[in-house]
**Q** 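Sharing a structure below in structure tokens format, with a few things to ask.
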Amino acid sequence: MENYPPSQAKDPEFMLNHVLQYGDVFTFILLGRKVTVYLGSKGNQFILNGALKDVNAEEIYSVLTTPVFGKEVVYDVPNAKFMEQKKFIKFGLATSALRTYVPLMEDEIRNFIKNASPFKGSSGSVQLPPVMAQITIFTASRSLQGKEVRQKLDTTFAKLYHDLDDGFQPINFMLPWFPLPQNHRRDLAQKKMTQVYSDIIRSRRSSSKARDSEDVLWTMMESTYKDGTPVSDSQAAGMMIALLMAGQHSSSVTSSWIMLHLANEPKIMEELYEEQQYVLGSDASKPLTYDDLQNLPMAMNVIRETLRLHPPIHSIMRKVKKPLPIEGTGWIVPPSHVLLAAPATMGKSDTYFPKAANWDPHRWEVIADPKDQEKEKMDYGYGLVSTGADSTYLPFGAGRHRCIGESFAYLQLTIIVTLMVREFKLKNVEGSKGIVSTDYSSLFARPLEPAFVRWERRQSDF
Ligand code: HEM
């Protein structure tokens, strides 16, 4: 058993090297805890689809998430209740709601790439991660969170978001309530943010105007648990904070990786442009529609391929609840251990994806749709989802804790890619490391900064 710093231990290269040395199951020490990694399809099944009495997510993540999201939501409630909360959110992410989000997100992005300071003029260079983070939060807040939240983003809300996000650091796995200055700011921001949402909810309830949008806040406000208890205002607020945080980093780093790859491979960028011209037509001012966006296979493959090579959530952990034998090995994982699944490792393996290190969206033209790979389905309380037993491609996880934001994330990313490609040509800036290096120091794998690209406006009348 060896001791590794967190940033190294989370790197899929580290995992792949260990597989060569020790096989799919091995234990190492991470932040003072014994972590047993179990890779491959069997490992994913064992960990992501383990029974509640055997493996548990909330005992790992609650120390980190409860101070940020607040009480009585997500990992601060029994799993069955959280599954109900996931079901409520899923209603707000149904296709009928997604359709209404398209013009809202389009408007935000058009406005940003036309007027925001990083894109002033006809050409320039831009540090991608902070810019893509802004585009992501503007689009997600305007659509999912509702117009009142979006309006507040430019003022108080941005600072509160920043302070909350700052509390979301790996050190808090070990010292969640330690009086670090950022934890103090986090706790203050949590109270104020809950208040902001509660005020919006109260004002919506007291207004005589009928519901005028499909956002998730409305859905949460109108939801009732199976036992007949309505979702409380503070629970609705907590779920909205959770939603903001859950989607923000994953989607924003994915869009940065996409842009970095496109800058590296202008040929693919032009293929995307041609696909758009063919499907959407040459009138760049024509509004996007949900149906058109489902008809862009190359854009879809660019997103898929980027998530294969750069899945933002690289490690998924569960607490072991009772001694767990690993079939065929004679080993038993004791309850003092944490289990770690890293489905990302399969995405980086030449065994499953030939020349895995190459970013090649075309490879998906001959691979079955990942959704068809997910054969076994189960309902954990929030609708049918994949158990994850078979798939070699699981950027959105599997089983009980599987992502419910996948369709939203795909829609958001497709709109971002479409509008960026339509407006700009991107090129690499010499010396930019973004395309080659990943920063594993936070909970999300992201491009190592500096990660600049050069942009040049196409001759559009945007
Ligand atoms: C590219 C974008 C995204 C990726 C790659 C991603 C990935 C994941 C993964 C791997 C999990 C499983 C975590 C685990 O098993 O512990 C997960 C769970 C989840 N995600 Fe996402 N996600 C993305 C976007 C979003 C968005 C946009 C939302 C909200 C709108 C969202 C909401 C959630 C929620 C609520 C869960 C459930 C957590 C649980 O049950 O414990 N995600 N996501």
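Whatever order the structure lists ligands and atoms in, that order sets their numbers, starting from 1. Because only heavy atoms are used, hydrogens play no part in the values below, and waters and symmetry mates are left out as well, while side chains stay in.
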**Q** Which of the numbered atoms in ligand 1 are below 4.0 angstrom from a heavy atom of Lys86?
**A** 37 (C), 39 (C), 40 (O)
**Q** For ligand 1, is there an N or O atom under 3.5 Å from any N or O atom of Tyr75?
**A** yes
**Q** Below 4.0 angstrom, N of the basic side chain to O of the carboxylate: do Lys159 and Asp163 qualify?
**A** yes
**Q** Do Tyr380 and Asn49 have side-chain N/O donor and acceptor atoms under 3.5 Å apart?
**A** yes
**Q** Starting from atom 29 (C) of ligand 1, which protein heavy atom do you reach first, and at what distance in Å?
**A** Leu243 CD1, 3.7 Å
**Q** Please check if the number of heavy atoms outside Lys87 that lie under 6.0 Å from its NZ is greater than 12.
**A** yes
**Q** Report, in ascending order of atom number, the atoms of ligand 1 lying under 4.0 Å from any heavy atom of Pro312.
**A** 5 (C)
**Q** Considering heavy atoms of the protein only, find what lies nearest to atom 6 (C) of ligand 1 and give residue, atom and distance to 0.1 Å.
**A** Phe396 CD2, 3.7 Å
**Q** Do Arg318 and Asp54 sit within salt-bridge range, that is, some charged N less than 4.0 Å from a carboxylate O?
**A** no
**Q** Tell me, do Arg142 and Met105 make a side-chain contact under 4.5 Å, heavy atoms counted?
**A** no
**Q** Scan side-chain atoms only and decide if Tyr197 and Gln145 contain a donor-acceptor pair under the 3.5 Å cut-off.
**A** yes
**Q** Out of Gln412, Gln85, His401, Glu406, who is nearest to atom 12 (C) of ligand 1 when you count heavy atoms only?
**A** His401
**Q** Quick one: look up the protein heavy atom nearest atom 32 (C) of ligand 1 and list residue, atom name and how far away it is.
**A** Ala246 CB, 3.6 Å
**Q** May I ask you to check if ligand 1 and Thr254 share an N or O to N or O distance below 3.5 Å?
**A** no
**Q** Is Pro395 close enough to touch ligand 1? Criterion: a residue heavy atom under 4.0 Å from a ligand atom.
**A** yes
**Q** Look at the side chain of Gln248 and the backbone N and O of Ala133, then say whether any donor-acceptor pair between them is shorter than 3.5 Å.
**A** yes
**Q** Check this for me: does any side-chain nitrogen of one of Lys319 and Glu58 sit under 4.0 Å from a carboxylate oxygen of the other?
**A** no
**Q** Please list, in number order, the atoms of ligand 1 under 4.0 Å from a heavy atom of Phe408.
**A** 27 (C)
**Q** Out of Ala57, Ala341, Ser250, whose heavy atom sits nearest atom 2 (C) of ligand 1?
**A** Ser250
**Q** Quick one about Glu305 and His362 (side-chain donor to acceptor, distance below 3.5 Å, no hydrogens or angles considered), yes or no?
**A** no
**Q** Under 4.0 Å from any heavy atom of Leu144, which atoms of ligand 1 are there?
**A** 30 (C)
**Q** Of the protein's non-hydrogen atoms, which lies at the shortest distance from atom 26 (C) of ligand 1, and what is that distance?
**A** Gly247 CA, 3.4 Å
**Q** Strictly under 4.0 Å, does any heavy atom of Arg318 approach an atom of ligand 1?
**A** yes
**Q** Is the number of heavy atoms from other residues, nucleotides or ligands within 6.0 Å of CD (Glu365) greater than 12?
**A** yes
**Q** Got the closest protein heavy atom to atom 19 (C) of ligand 1, with its distance?
**A** Cys403 CA, 3.5 Å
**Q** Within ligand 1, which atoms have a heavy atom of Ile404 less than 4.0 Å away?
**A** 34 (C), 35 (C)
**Q** For ligand 1, which atoms have a heavy atom of Ala409 less than 4.0 angstrom away?
**A** 2 (C)
**Q** Should the pair Arg150 and Phe138 be classed as cation-pi, given the thresholds of under 6.0 Å to the six-membered ring centre and 45° from the axis?
**A** yes
